[in-house]
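One is the number of the first residue; the rest follow in order along the sequence. Note that the structure is a prediction, hence the values are computed from the model and not measured.
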Amino acid sequence: MLVEELNLETRCKIYTITKKVLRKYQKGIISGKLTSDKFVHNILCDNSIHQILPDEILEERDFINSYHRYVDKLICIQNDNLIKSKNKYHKKISEKPDMSKVLKLKHLLSDTGYVLSIPSQYLTINDIDNISKYITTGNIDLGNENIYNYVYKEH
């Protein structure tokens, strides 16, 4: 089984655990002292991921390879975000969505019965695009599983 084949709830739990550990070892990853190979090995040995997935899946070579690619993708996203946060001018220009994009999202949400769980002013352009994709297709791209927690279906 591959990471991308898991259901969204399970992927979101794996994302949360992985991001938490990535943030903890951010300096080691950036400096190269902690490679993604070591990181994947350590996290797969950690007890918290064993509470989410059974050992049979965690020991599959296909899953380990897909998780390694997943971690590499999250590291790239994290590094890009660090670069953007250092350049405050770039962040202000590129991350803040315009009002038309926010209004389109609000209309999509109301038309489909979804509700945001966070205020819209905290969303980036990328967040809005990913939320729209999730609502229309039911899929979330790898590395953007945090979107799963941003919206919920209103009962």
Side-chain angles (χ1 to χ4, degrees), residues 1-87 90-91 94-97 101 105 108-109 112-120 122-155:
M1 177 168 281
L2 305 176
V3 172
E4 44 277 8
E5 294 172 347
L6 298 170
N7 66 45
L8 287 176
E9 186 176 344
T10 304
R11 276 180 42 201
C12 188
K13 289 177 183 176
I14 290 173
Y15 171 86
T16 303
I17 290 170
T18 306
K19 281 298 281 188
K20 181 180 176 183
V21 178
L22 273 175
R23 278 189 219 102
K24 183 177 179 181
Y25 295 106
Q26 181 175 329
K27 287 183 181 179
I29 291 169
I30 291 171
S31 70
K33 291 179 182 177
L34 179 62
T35 64
S36 60
D37 291 330
K38 290 179 189 174
F39 180 84
V40 168
H41 175 73
N42 289 343
I43 200 135
L44 289 176
C45 291
D46 189 75
N47 200 22
S48 56
I49 200 161
H50 286 269
Q51 295 173 354
I52 298 171
L53 292 171
D55 290 341
E56 305 85 59
I57 292 176
L58 293 172
E59 293 169 358
E60 287 179 12
R61 179 57 53 213
D62 288 342
F63 178 80
I64 294 170
N65 290 337
S66 72
Y67 186 67
H68 192 277
R69 288 189 305 273
Y70 180 67
V71 167
D72 285 339
K73 183 171 186 117
L74 290 178
I75 288 171
C76 287
I77 291 170
Q78 180 173 298
N79 288 342
D80 288 346
N81 288 339
L82 285 172
I83 290 168
K84 287 178 185 176
S85 71
K86 288 182 182 179
N87 186 349
H90 176 74
K91 185 177 181 182
S94 68
E95 294 294 319
K96 189 93 171 137
K101 210 164 184 59
L105 175 66
L108 178 64
L109 290 166
T112 57
Y114 280 90
V115 177
L116 281 175
S117 59
I118 65 170
S120 61
Y122 296 119
L123 297 174
T124 64
I125 293 171
N126 192 35
D127 291 339
I128 290 176
D129 291 341
N130 285 312
I131 290 170
S132 299
K133 180 179 178 181
Y134 171 57
I135 291 171
T136 55
T137 66
N139 295 321
I140 297 176
D141 293 334
L142 282 178
N144 295 312
E145 285 83 4
N146 57 327
I147 297 303
Y148 185 73
N149 293 323
Y150 290 2
V151 292
Y152 62 91
K153 193 80 163 169
E154 192 172 50
H155 299 290

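Take D129 and apply the salt bridge (charged side-chain N to carboxylate O under 4.0 Å, His left out) test, not counting sequence neighbours, and it matches K101. Contacts of V151 classified as side chain to side chain contact (heavy atoms under 4.5 Å, CB included), with partners at least two apart in sequence or in another chain: L109, Y114, L116, I131, Y134. Scanning for salt bridge (charged side-chain N to carboxylate O under 4.0 Å, His left out) contacts around E9 gives K13, with sequence neighbours left out. Applying the side chain to side chain contact (heavy atoms under 4.5 Å, CB included) rule to T124 yields the partners E95, N126, D127; only residues at least two apart in sequence or on another chain are considered. Every residue meeting the side chain to side chain contact (heavy atoms under 4.5 Å, CB included) condition with K19, not counting sequence neighbours, appears here in chain and number order: Y15, L22, R23, L74, Q78.
Here the straight-line distance linking atom NE2 of H41 with atom CD1 of I64 works out to 10.0 Å at 0.5 Å rounding. Rounding to the nearest 0.5 Å places CG of L44 at 9.5 Å from CZ of F39. We find the CD-CG distance between E4 and N139 to be 12.0 Å, quoted to the nearest 0.5 Å. Atom CD1 of I140 is separated from atom CZ of R11 by 6.5 Å, given to the nearest 0.5 angstrom. Atoms CD1 and CG, from I52 and N47 in turn, are 10.5 Å apart once rounded to the nearest 0.5 Å. Summarising the geometry, atom SG belonging to C12 is positioned 11.5 Å from atom CG belonging to N144; distances are rounded to the nearest 0.5 Å.
More than 12 heavy-atom neighbours from other residues, nucleotides or ligands sit within 6.0 angstrom of NZ on K153.
A donor-acceptor contact shorter than 3.5 Å is absent between the side chain of S132 and the backbone of L105. A donor-acceptor pair under 3.5 Å links the side-chain atoms of E145 to the main chain of G143, judged by distance alone.
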N130 and N146: CA distance, side-chain angles, deciding distance, side chain to side chain contact (heavy atoms under 4.5 Å, CB included) verdict: CA-CA 10 Å; N130 285 312; N146 57 327; over 6 Å; no
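A donor atom on one side chain and an acceptor atom on the other are found under 3.5 Å apart for D72 and H68. When only modelled atom types and interatomic distance are considered, S48 and D46 share a side-chain donor-acceptor pair under 3.5 Å.
Residues in residues 53-67 take part in these side-chain hydrogen bond (donor to acceptor under 3.5 Å, both in side chains) pairs, two or more places apart or across chains: T18-Y67, H50-D55.
Using a 4.5 Å heavy-atom cutoff, the side chains of L53 and I14 are in contact. Within the 4.5 Å cutoff, the side chain of I147 has heavy atoms near those of the Y150 side chain.
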